[in-house]
Amino acid sequence: MWSLPLLRYTDVPPRVTENFILSGYRFPNYSLRQCLASAFRPTNETGNFWTHFLPIFVFTFHFLEVFTWEGAPEPSDPFFYPFWNYFLGVLYLLLASSLAHLLNSMSLIIREICFFVDYGTISAYTVGSSLAYYYYIHPQAGIPEIGFGGQNSTQRRSLNADEEAWPSASSPTQFQLFFESLYIPSSFLVAIICVITCCNTRQCWRKYRYAVRTLVFLLPFFISSTPVFYRLQSTSASSLSSASPHLFSTMAAFFYRHCFWLVVSAIFNISKIPERFSPGNFDIWGHSHQWFHCCTFLSILDELQMIKVEIQALLLNPTLILSPAMPPRLPGPTLCSTYGVMVLLQGCIACIIALFGWQAYQIYGPEQKKLKGH
């Protein structure tokens with residue numbers, strides 16, 4: 001492995017090159033063993049691998065903290081179904097991204113498939129986030145009246161209808177309709193559209209591929225964040241599931257930081273800074289895609305903290321009963337409404353990847369045979 005030369009951009013197929021990265025390329029004919037070993041050798045993909053592989057362990061540590069809280073139900077309790085689906089979405093994203101950068105030198109066809117899978121896991125992550133938002137941050141979110149883990153139903157509280165009125169005349173009922181019926185289906189549909197669009201950028205819109213891939217994921221962000229936007233602009237909604245103003249302000253702070261890191265990551269991904277201003281000097285370490293990975297993970301970490309704040313609020317007030325002026329609570333999460341949604345999404349994404357993978361085979365099959373002969 002260490003004897004294999006690293007090449008310049010002029011010595012590899014144009015499909016392999018990245019803007020302003022001049023050296024450190026692996027020849028696209030590595031074996032699986034050579035690709036795995038390259039994680040410990042400085043190449044222009046080494047940093048891309050580690051900046052999403054190591055965060056898996058950091059994220060898992062912060063995720064598991066919830067189950068150590070006093071009064072938290074068992075990890076297998078239905079209350080945590082959305083939280084586990086969120087975890088799976090993030091795990092898929094980080095693992096697929098790191099492996100895509102590590103294994104993409106096996107062949108041109110495998111390279112395409114690696115990044116098709118990468119785009120698919122980003123969409124799975126957005127739907128996983130939507131499930132967590134729906135059950136923990138939704139204006140009607142709450143633990144079912146029966147509670148869990150032997151919680152005493154006498155702990156119920158009621159809200160003053162005069163102080164906490166559900167929007168009726170001043171706010172259109174379309175909000176309620178969207179939250180109750182269209183929110184998850186919309187997130188699902190947008191995720192599929194994003195996968196198809198990003199996979200298409202491997203062949204079309206090549207010149208603007210980074211901008212297209214970045215901008216196309218703005219739509220699922222706005223769709224999935226709808227409950228948060230509603231909570232932030234509505235005082236009454238903000239207190240429906242928050243146990244204290246302090247927790248609500250903490251949730252808002254984490255969301256703003258989440259948005260900040262997303263914006264910074266988008267800037268790095270589109271601008272190709274710093275290598276744009278000094279081509280060749282950031283080929284191995286410090287180029288924009290590594291910073292993009294770091295900022296993306298920081299945004300995910302703040303999103304996790306935001307969700308944990310909302311879970312804590314619900315656990316502090318587990319049997320909150322709304323006044324008659326309030327709409328009923330959402331039904332509790334089920335296997336079908338959480339894991340079922342994710343399984344269906346993965347099936348759809350797998351079909352899309354198979355279709356684009358077959359197209360890649362048709363296009364790059366002959367070229368790959370020439371590279372093997374070389």
Side-chain angles (χ1 to χ4, degrees), residues 62-75 77-87 90 128-161 163-167 175-176 179-180 183 224-259 300-323 325-333 338:
H62 287 281
F63 172 84
L64 295 176
E65 180 189 13
V66 172
F67 304 115
T68 65
W69 291 350
E70 182 179 357
E74 293 296 320
D77 191 279
F79 174 71
F80 281 129
Y81 285 173
F83 198 44
W84 279 112
N85 277 269
Y86 172 69
F87 172 79
V90 175
S129 298
S130 296
L131 289 171
Y133 289 3
Y134 183 73
Y135 285 103
Y136 304 132
I137 305 181
H138 190 295
Q140 294 170 246
I143 300 172
E145 180 180 336
I146 58 174
F148 52 75
Q151 289 281 355
N152 191 336
S153 60
T154 60
Q155 295 174 341
R156 302 172 184 174
R157 301 179 184 179
S158 62
L159 292 177
N160 187 318
E163 297 177 355
E164 307 294 347
W166 176 261
F175 277 116
Q176 298 177 37
F179 287 146
E180 295 171 8
Y183 175 66
S224 64
S225 299
T226 304
V228 185
F229 294 144
Y230 181 83
R231 289 277 305 283
L232 293 176
Q233 64 85 34
S234 173
T235 304
S236 60
S238 70
S239 57
L240 285 178
S241 63
S242 292
S244 71
H246 169 70
L247 288 178
F248 174 70
S249 63
T250 303
M251 182 277 287
F254 280 127
F255 179 71
Y256 293 140
R257 277 174 35 182
H258 167 67
C259 295
I300 292 174
L301 205 56
D302 279 327
E303 180 185 47
L304 172 65
Q305 299 299 339
M306 176 183 68
I307 294 171
K308 287 167 64 176
V309 166
E310 290 302 291
I311 291 176
Q312 183 181 23
L314 292 171
L315 293 177
L316 288 174
N317 194 13
T319 50
L320 184 67
I321 293 183
L322 302 176
S323 67
M326 299 294 177
R329 285 290 186 202
L330 289 171
T338 53

Practice item. For the pair Tyr133 and Met306, evaluate side chain to side chain contact (heavy atoms under 4.5 Å, CB included) and give the outcome as yes or no after the intermediate values. Key: CA-CA 10 Å; Tyr133 289 3; Met306 176 183 68; 3.4 Å; yes

**Study point:** Test log, rule side chain to side chain contact (heavy atoms under 4.5 Å, CB included), inputs Tyr81 and Leu131
**Key:** CA-CA 9 Å; Tyr81 285 173; Leu131 289 171; over 6 Å; no

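If you run side chain to side chain contact (heavy atoms under 4.5 Å, CB included) between Met251 and each of Lys308, Gln305, Glu310, only Glu310 comes through.
Listed by chain and residue number, Ser187 satisfy the side-chain hydrogen bond (donor to acceptor under 3.5 Å, both in side chains) test with Ser130 (two or more places apart in sequence, or in another chain). Residues passing the side-chain contact (heavy atoms from CB on, under 4.5 Å) test with Ser129, sequence neighbours excluded: Tyr86, Tyr125, Glu303. With sequence neighbours excluded, the residues forming a ring-ring contact (aromatic ring centres under 6.0 Å, His included) with Phe67 are Phe63, Phe80, Trp84, listed by chain and number.
In this structure, Tyr134 and Pro227 have side chains that are not in contact, with every pair of non-hydrogen atoms separated by 4.5 Å or more.
Annotation: the span from Ile137 atom CD1 to Thr226 atom OG1 amounts to 11.5 Å, rounded to 0.5 Å. The distance from the CG atom of Leu315 to the CH2 atom of Trp69 is 7.0 Å, given to the nearest 0.5 Å. Distance check: Asp77 CG to Glu74 CD gives 8.0 Å after rounding to the nearest 0.5 Å. With rounding to the nearest 0.5 angstrom, the CZ atom of Phe83 is 7.0 Å from the CD1 atom of Ile307. If you take CD1 on Ile300 and NE2 on His62, they are separated by 13.0 Å, rounding to the nearest 0.5 Å. Rounding to the nearest 0.5 angstrom, the gap separating the OH atom in Tyr135 from the OG1 atom in Thr338 is 6.5 Å.
The minimum heavy-atom distance between Pro78 and Pro333, with the atom names listed, is O-CG, 3.0 Å.
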Without placing hydrogens or testing angles, list every side-chain donor-acceptor pair under 3.5 Å for residues 252-259, not counting sequence neighbours.
{"from": "Arg257", "atom 1": "NE", "to": "Asp302", "atom 2": "OD1", "distance (Å)": "3.3"}
{"from": "Arg257", "atom 1": "NE", "to": "Asp302", "atom 2": "OD2", "distance (Å)": "3.3"}
{"from": "Arg257", "atom 1": "NH2", "to": "Asp302", "atom 2": "OD1", "distance (Å)": "2.7"}
{"from": "His258", "atom 1": "ND1", "to": "Ser299", "atom 2": "O", "distance (Å)": "2.8"}

